[in-house]
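Below is one structure; the comments refer to it alone.
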Amino acid sequence: MRWSKTFIPTLKEVPADAEIPSHKLMLRAGLIRQLMAGAYTYLPLGLRALKKAEAIVREEMDAAGAVEIFMPALTPIELYERTNRLEAFGNVLIKFEVKRGDRRVPMALGPTHEEVVTDLVSRHISSYRQLPLTLYQIQTKFRNEERPRFGVLRTSEFLMKDAYSFSTNLEQLNQAYDAMYKAYCRIFSRCGLEYVPVEAESGPIGGDASHEFMIPAANGEDTILRCESCGYGANVERADTGRKRSSTTTAEADQKPKTELATPNAGSIDAVCKMLKCKPHKMIKTLIFKADGKTVAVLIRGDHEANENKIRRALGATSIELADEATIRAATNAPTGFAGPVGIQCEIIADHDIPLIANAVTGANKADAHFVNVNLGRDYDLAKDESGAWKTFDLRNAAADDPCPKCAGKLGLVHGIEVGHVFKLGTKYTVALDATFLDEKEQRHPIIMGCYGIGVNRIIAGLAETKHDENGMIWPLSVAPYSVILISLNANDAAVTKVADEYYDALQKAGVDVLYDDRDQRPGFKFKDADLIGLPLRVVVGGKGLGEGKVEIKWRTDAEATKVDVTAGVQTTLELLEKRRAEDAAKLP
RNA sequence: CGGGGUGUAGCUCAGCCUGGCUAGAGCGCCAGCUUUGGGAGCUGGAUGUCGCAGGUUCGAAUCCUGUCACCCCGACCA
């Protein structure tokens with residue numbers, strides 16, 4: 001493509017609306033333009049990159065045995081009613097009615113397609129002989145983002161690859177899941193992304209039933225914990241802390257006398273700390289939960305965050321929720337905000353860090369009062385195991401510097417962009433939509449599902465966010481809009497133009513996707529633009545070089561160009577590209 | 001939806017507080033000449049419902065009220 005014939009509106013100045021690198025760069029390099037908040041037009045360069053990423057996703061999906069289909073973006077509301085997701089999606093779902101004669105048909109733009117595929121499968125799959133099956137599509141999804149942001153990273157309309165596996169048993173599900181997991185690793189590697197698969201919260205299914213693929217980036221919306229030593233990674237919701245039970249309690253000599261202090265209207269950690277001039281990590285936060293109907297007090301250190309999934313698992317409950325005011329009063333004889341372990345009228349479980357708090361501050365189970373200098377063993381008890389040690393649990397979100405659960409290392413907080421998610425769904429949708437199969441013994445079972453998503457736009461945005469320097473983008477060969485930028489340094493110099501034109505023809509004939517900057521612009525201008533759009537290989541034909549019979553070739557990442565004989569330039573370009581492709585392929589998992 | 005910010009030329013922004021002559025600059029754009037290895041120089045030129053609506057005033061980009069859009073922080077995010 002000749003630059004003069006296409007549409008690449010580069011920007012010298014940074015648009016005022018853009019804040020993060022990917023947004024700034026994608027605008028400046030002429031990849032995208034905003035139509036409204038959360039909706040972007042892809043310009044030729046951006047579209048080409050998006051299509052290349054899409055092609056990689058498609059190739060790997062096909063190779064992993066998934067089968068492509070294409071479902072409508074228009075979906076009937078009724079399907080979401082049947083799975084109870086109309087309410088769950090709430091405002092995220094873009095809903096509307098269309099008129100058909102005297103009827104009004106309610107529909108929604110698909111935010112994801114579990115309902116639609118499951119409905120499809122329920123109508124046509126009835127035997128175990130037809131399974132397993134994995135279907136996928138690459139399609140525009142619609143979600144009304146209350147607050148779109150970060151350019152193309154969080155929009156109301158985006159390209160997503162969504163795959164769904166259907167299995168008769170867990171073994172088949174695990175095979176499908178593993179195949180997708182491996183395909184994802186290859187996809188993100190091929191796209192030149194640094195990525196980290198992290199364990200994600202998987203709800204009641206438990207186990208390692210869900211992984212998110214994250215691109216570590218300072219501006220990522222998600223927080224993950226990662227062990228630098230062994231590579232263990234998990235999102236905040238899910239991350240285990242490697243903390244051990246500790247039976248260490250405060251030595252009797254160090255235990256100060258327990259005292260009740262008045263704390264009028266101070267029912268929060270902050271308010272109590274302010275009033276009593278203490279620090280949150282000296283406090284015991286006492287949360288009252290209803291676990292399958294039973295009241296339980298959960299003890300967490302004041303500066304930590306309770307993790308409901310961990311609490312639910314520790315209690316062996318199927319569902320838990322924070323207790324209502326009446327339940328709290330029954331257990332504590334006090335309004336919300338003054339609960340504590342001393343004399344509480346219900347079961348207590350505690351986080352590992354609780355026994356380590358010496359002379360703790362906690363609610364007195366009495367309105368407007370807190371105790372100071374509360375100590376485990378003297379003032380309250382926990383259950384003990386066979387060896388007589390206090391039973392404690394991992395009940396809170398992991399934090400930076402917690403020990404790694406898999407090795408001797410420490411966890412660190414990292415921000416990440418979620419670019420993919422694989423999930424063992426189970427039978428939620430197949431039960432709701434009656435997608436069943438008959439097994440060998442003529443028994444009917446719901447089909448077991450998995451779902452697997454990739455945000456294709458986020459692959460591009462993630463690359464822009466993480467692969468650039470102060471001059472512009474740095475594309476990997478695999479996703480670059482064009483592999484080569486060919487620059488003629490003086491369009492008015494007939495000799496230069498002649499050679500550049502010949503190169504352009506030769507490279508095109510050789511099947512190279514080349515962008516030919518044939519514009520009548522000064523050299524500096526063209527170099528700056530070339531760096532900005534960041535195509536991998538730059539070939540320069542200029543009067544000065546031509547005088548010595550040379551052209552210049554340079555990778556975007558090289559500091560200096562290499563001079564090559566005019567006669568050898570095309571061949572060298574082809575060889576360099578071939579070599580780079582082979583190197584990239586060799587790195588794949 | 002709560003908090004904060006911004007809307008003036010294609011882009012970046014000044015002018016607004018303290019109302020006053022024909023609304024400005026740089027970049028970009030058009031024409032001509034010069035120039036041609038890291039966002040050129042000179043000369044000339046085009047481009048604005050000052051987000052929109054209403055109000056105050058002799059007079060509004062500027063003050064007031066309303067409204068819309070966009071950005072940031074938070075809440076939300078199958």
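Every chain is numbered from 1 and lettered A, B, ... according to where its sequence line falls, protein lines coming before strand lines. Note that this is a predicted model, so its numbers are computed, not measured.
Between the NZ atom of A:Lys544 and the P atom of B:rU36 there is a distance of 12 Å, rounded to whole Å. If you measure from atom CG of A:Asn91 to atom C1' of B:rA75, you get 13 Å, rounded to the nearest angstrom. The NZ-C1' distance, from A:Lys24 to B:rC72, rounds to 13 Å in whole Å. When the C1' atom of B:rG10 is taken as reference, atom CD1 of A:Ile8 falls 18 Å away, rounded to whole Å. Note: CG (A:Asp520) to P (B:rC30) measures 11 Å, nearest angstrom. Taking atom CZ of A:Phe7 as the reference point, atom C1' of B:rG10 lies 11 Å away to the nearest angstrom. Between the P atom of B:rG39 and the CG atom of A:Asp517 lies a distance of 15 Å, rounded to the nearest Å. For the pair A:Ile553 CD1 and B:rG37 C1', the computed distance is 17 Å after rounding to whole Å.
At a threshold of 4.0 angstrom between heavy atoms, the contacts of A:Ala88 with the nucleic acid are absent. Among the protein residues, A:Asp17 comes within range of the sugar-phosphate backbone only, with heavy atoms under 4.0 Å from sugar or phosphate atoms but none that close to a base. Residue A:Asp529 is in base contact, counting any heavy-atom pair closer than 4.0 Å across all strands shown. Residue A:Asp531 is in base contact, counting any heavy-atom pair closer than 4.0 Å across all strands shown. Base contact: A:Glu552 has a heavy atom under 4.0 Å from a base atom. Contact annotation for A:Arg538: base contact, defined as any heavy-atom pair under 4.0 Å involving a base atom. At the heavy-atom level, A:Pro9 lies nowhere under 4.0 Å from the strands shown. In this structure, A:Arg28 reaches the bases: a heavy-atom distance under 4.0 Å links it to at least one base atom across the strands shown. Contact annotation for A:Gly545: base contact, defined as any heavy-atom pair under 4.0 Å involving a base atom. Note on A:Phe150: only backbone sugar-phosphate atoms sit closer than 4.0 angstrom, heavy atoms only; bases stay farther off.
B:rU43 is paired with B:rA31 under the Watson-Crick or G-U wobble criterion, all donor-acceptor distances under 3.5 Å. Pair assignment for B:rU18 gives none, since no Watson-Crick or G-U wobble pairing has each distance under 3.5 Å.
Between A:Arg312 and A:Glu308 no salt bridge is recorded (no basic side-chain N to carboxylate O distance below 4.0 Å).
You'll find the ring centres of A:His421 and A:Phe213 outside the 6.0 Å limit.
Distance CH2/A:Trp475 to NE2/A:His468: 13.0 Å, rounded to 0.5 Å.
Donor-acceptor pairing under 3.5 Å, judged by distance alone, is present between the side chain of A:Glu13 and the base of B:rG26.
Taking the six-membered ring where tryptophan is involved, the planes of A:Phe188 and A:Tyr195 are tilted, since the angle between them lies from 30° to 60°.
In terms of position on RNA chain B, the residue among A:Phe89 and A:Gly524 whose nearest nucleotide sits closer to the 5' end is A:Gly524. Taking the nucleotide of RNA chain B with the nearest heavy atom to each of A:Met36 and A:Pro111, the more 5' of the two is matched to A:Met36.
The side chain of A:Lys12 lies closest to B:rG39 when the candidates are B:rC71, B:rG39, B:rC1. Side-chain proximity of A:Phe527 to B:rC1, B:rC72, B:rG37: nearest is B:rG37. Side-chain proximity of A:Val540 to B:rU36, B:rA75, B:rG37: nearest is B:rG37. Distance from the side chain of A:Gln34 is smallest to B:rC70 among B:rC70, B:rU12, B:rC72.
The phosphate of B:rG39 (OP1 or OP2) has no side-chain N or O of A:Arg522 nearer than 4.0 angstrom. Checking the phosphate oxygens (OP1, OP2) of B:rA40, no side-chain nitrogen or oxygen of A:Gln521 falls inside 4.0 Å. Of the side-chain N and O atoms in A:Arg147, none sit less than 4.0 angstrom from OP1 or OP2 of B:rC71.
Within the cation-pi definition used here (under 6.0 Å to the ring centroid, within 45° of the axis), A:Arg33 does not qualify as a partner of A:Tyr40.
Among A:Arg226, A:Glu212, A:His211, the one residue that satisfies the side chain to side chain contact (heavy atoms under 4.5 Å, CB included) test with A:Val196 is A:Arg226.
No more than 12 heavy atoms of other residues, nucleotides or ligands shown are found within 6.0 angstrom of CD on A:Glu305.
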